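Here the structure comes first, spelled out in structure tokens, and everything after it is commentary.
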Protein chains: 2
Amino acid sequence: MDLADLTPDVLTYLGKAAYTQLTIFENLSRAMANAPTTHAKETLSRVAAMSLAKHHGLTAEIRRHGDEPGGAMEPFTADIDNYQRGTLGNDWHESVLACLITAGFLDDFFLRLAEGLPSDYAARVTSVLRQDSGHELLAEEVRRAIDANERLGSRLAMWGRRLVGDTMLVARATLATSATGITDEARIEPVFTELIAEHTRRMDGLGLTA
Amino acid sequence: MDLADLTPDVLTYLGKAAYTQLTIFENLSRAMANAPTTHAKETLSRVAAMSLAKHHGLTAEIRRHGDEPGGAMEPFTADIDNYQRGTLGNDWHESVLACLITAGFLDDFFLRLAEGLPSDYAARVTSVLRQDSGHELLAEEVRRAIDANERLGSRLAMWGRRLVGDTMLVARATLATSATGITDEARIEPVFTELIAEHTRRMDGLGLTA
């Protein structure tokens with residue numbers, strides 16, 4: 001089951017994926033600036049560097065395509081900025097969870113969608129998106145905080161549910177639309193079921209109920 | 001004329017230099033988040049990546065020394081955070097100028113001070129700090145804004161003077177103190193005169209009066 005037929009044209013894909021990754025990086029660097037300890041700040045700086053490397057891997061593909069990254073991302077900034085505002089979180093732990101949950105889901109989603117790109121782009125983009133995200137480093141921070149504070153766990157579980165809802169919407173908006181809405185829905189549904197199963201595994205790994 | 005005799009011990013040097021670079025990166029990523037255009041945001045993401053690479057080059061030296069970056073930076077965070085709060089700027093152009101002026105001055109300063117490190121550290125740290133800062137990319141943004149707005153130029157010139165004053169203070173606080181205050185002063189003075197001359201050249205390059 002795949003989304004390849006619903007992959008948008010190369011430049012749309014790259015513009016959305018690159019701006020999404022830049023937004024993930026922005027959220028990580030904001031969480032870094034607000035980190036409660038120097039150790040957590042240092043950890044976040046490493047995770048942020050990995051996200052920024054992915055963004056620059058994607059902008060390199062935009063340049064290879066003969067376009068400028070700023071121009072290629074521009075059409076998608078309003079929707080993604082709006083998504084970003086809804087996923088900032090009310091405190092540091094919510095922000096860190098948002099980085100983990102949104103980046104985990106969207107990296108998975110863009111990886112699947114990459115299968116529909118021309119094969120040379122598909123291969124390079126896949127290798128960029130498969131680079132280490134450093135999420136295990138952040139997961140340790142979240143698990144440690146939850147162990148120390150049971151209420152935090154139930155608040156973060158609720159926050160995780162809202163995050164995945166918003167993230168599914170922004171992901172769906174990336175799919176190329178076609179005239180045959182019903183067929184699309186039949187194709188999309190099982191893929192999103194798998195993406196949600198992976199999200200659930202990530203939440204389980206944090207000790208949170210999805 | 002050099003500062004080598006006033007270079008602190010390796011771990012103090014690395015902790016201060018690494019946290020300073022992390023702060024520069026934080027400021028760049030904040031300016032990135034607030035960038036007025038997608039093009040400027042993309043430019044800042046590249047400059048931020050270069051700063052983050054320097055930070056991680058310095059934390060690699062802390063690890064090589066057998067220490068953890070978080071612990072090595074911890075003793076210096078309060079003073080540098082305080083310096084950071086004074087150099088944020090009141091709008092985006094002030095923030096970008098602050099990134100240019102403070103990072104330019106402090107990279108110069110830490111490069112000179114590196115001469116007093118044990119020679120293997122000196123060589124590696126120098127090569128980290130000499131990596132491209134990407135400042136020419138930011139300078140273009142500032143020059144373009146000044147060309148379009150004469151009042152901005154005089155406001156930024158004043159802001160540049162305040163920045164260099166605060167930056168000199170944080171730099172001096174990094175020097176190892178010795179019992180012979182007068183001799184130190186005689187050694188420090190000409191070095192700071194040179195650092196200020198380089199600062200003046202940077203301001204000139206932006207079309208700003210230092």
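Convention: sequence-line order gives letters A, B, ...; per-chain numbering from 1. Reckoned from all heavy atoms, side chains included, excluding hydrogens, waters and symmetry mates. What you are looking at is a predicted structure, and each value in this text was computed from that prediction instead of being measured.
- Atoms CZ and CG, from B:Arg46 and A:Leu52 in turn, are 11.0 Å apart once rounded to the nearest 0.5 Å.
- With rounding to the nearest 0.5 angstrom, the OH atom of B:Tyr19 is 10.5 Å from the CD atom of A:Glu42.
- Here the NZ atom belonging to A:Lys41 is positioned 6.5 Å from the OG1 atom belonging to B:Thr23, to the nearest 0.5 angstrom.
- Interface residue B:Thr77: only side-chain heavy atoms are found under 4.5 Å from chain A.
- Taken to the nearest 0.5 Å, the OG atom of A:Ser29 stands 5.5 Å off from the CE atom of B:Met32.
- If you measure heavy-atom distances from B:Leu22 to chain A, the contacts under 4.5 Å come from both the backbone and the side chain.
- Per-residue heavy-atom pair counts under 4.5 Å with chain A were compared for B:Glu68, B:His56, B:His55, B:Met73, and the maximum is reached by B:His56.
- More than 12 non-hydrogen atoms from other residues, nucleotides or ligands lie less than 6.0 angstrom from CG of A:Asp120.
- Side-chain contact between B:Glu74 and A:His39 is absent, with no heavy atoms from C-beta onward closer than 4.5 Å.
- Across B:Ala49, B:Gly71, B:Ser45, the residue that shares the most heavy-atom pairs under 4.5 angstrom with chain A is B:Ser45.
- Contact annotation for B:Thr59: only side-chain heavy atoms (C-beta onward) come within less than 4.5 Å of a heavy atom of chain A.
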